[in-house]
Number of protein chains: 2
Amino acid sequence: MPQVTEQRDEPLNADEERLVRTLGRVMIVLPKLLDHDLRERVAISLTEYSILMHLSEAPERRMRMNELAGASDLSLSGMTRAVARLESEGLVKRDRCEEDGRGWFATLTPAGLRRLEDAYPTHLWSTRRRIIDHFAGSDLAGLTEALDRIGCGGETDPLVAR
Amino acid sequence: MPQVTEQRDEPLNADEERLVRTLGRVMIVLPKLLDHDLRERVAISLTEYSILMHLSEAPERRMRMNELAGASDLSLSGMTRAVARLESEGLVKRDRCEEDGRGWFATLTPAGLRRLEDAYPTHLWSTRRRIIDHFAGSDLAGLTEALDRIGCGGETDPLVAR
DNA sequence: CCATGATACTTGCTCAAGCAAGGAACTGTT
DNA sequence: AACAGTTCCTTGCTTGAGCAAGTATCATGG
């Protein structure tokens, strides 16, 4: 460990600075790239794709609105509109929750599943091209572990976390 | 190299899948975290901070609109509005470009520089806490190199790149 | 059983960002 | 020198997302 007494309020060192700038760029550019690929080829946004994907993996292909918002890192109000859009296209339907009258399920429709299956190859191609290919030969697991800590595990309100 | 004949259109393997999901989460959450930290403590957005920072590093503390848009990964129209906001706060001023009558410089004002210096400690704290701390013991340079390839170097229109 | 508070969502408002179209200035060709 | 094409930037329009406030349902205490 070269640096022994690292002051918290001193500037970043060169390696740290480069990492922050690069990651800063990636976090701005990458979502646009993935979103663009999907929109261009299968006319669906990354947000919508993500919602359909999460639903397809959930038991009975349905999730409560707040679960879904958490899974897709969207505010609850954002999720309301997003699901409304998907519903208007018939890709999702909404059912009252039996056990809790306040709650709603968003349920993937057969049409929604078809749409997801339709978009999947594009997104697979896109993620390979935009992400995986650039990490050839890297330690994916180690990298993922580090990145995962940034993501905050994704429990409680992430903005207030810690 | 374990996998010899990797089919491009087969699903991602488990490590790849985890990386994509984690990076996907980071690219959504991290900008919100950094933006939130800045807004809360020094009432400035990440976009605005980034603009002021780039200007402060440029020769004569000024940049053409399209340079600035490229550096901050913002559309040119987005940059027009962003600079207009900053100008209305007196943090930036705009001058016609002498050599090219179509062009404009955005120039950092002394007030803009003070604002940046004011925000810097917060952003430093934020990036340490949100990013650097999570990579303790990692190979920062190697990681940066991989991430840099995702960012596409940042030359030509990134959405059409390749 | 009623009141108070918490939870699950929705709706109104605002705002930042992108696209497409427009205007002004530059460049190149004939 | 004039026109066509390109570049640089701005403006009109639309959209997706968040916050704050509202509504309906649940849970709890008296």
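Every chain is numbered from 1 and lettered A, B, ... according to where its sequence line falls, protein lines coming before strand lines.
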So, E89(B) and R85(B), do they make that salt bridge, N to O below 4.0 Å?
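Salt bridge flag = no for R85(B) with E89(B).
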Please check the phosphate of dT7(D) (OP1 and OP2 only) for any side-chain N or O of N66(B) closer than 4.0 Å.
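Indeed not, no polar side-chain atom of N66(B) lies that close.
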In this structure, how many angstroms lie between the [atom2] atom of [N] and the [atom1] atom of [X], rounded?
X	N	atom1	atom2	value
D35(B)	dC15(C)	CG	C1'	12 Å
K32(B)	dG16(D)	NZ	C1'	11 Å
E48(A)	dA17(D)	CD	P	8 Å
W104(B)	dC26(C)	CH2	C1'	16 Å

With a 4.0 Å cut-off on heavy atoms, is T47(B) in touch with a base, just the backbone sugar-phosphate, or nothing at all?
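Contact class for T47(B): sugar-phosphate only.
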Between the base of dC9(C) and the side chain of S77(A), is there any donor-acceptor pair under 3.5 Å?
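By the distance-only test, no, there is no pair.
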Quick one: which of [options] gets closest to the side chain of [X]?
X	options	value
M65(A)	dG18(C), dC9(C), dC26(D)	dC9(C)
R81(A)	dC8(D), dC26(D), dC19(D)	dC19(D)
S75(A)	dG18(D), dA17(D), dC26(C)	dG18(D)

Rounded distance (nearest 0.5 Å) linking atom CG of L86(A) with atom CE of M79(A)
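Taking CG in L86(A) and CE in M79(A), the distance rounds to 9.0 Å.
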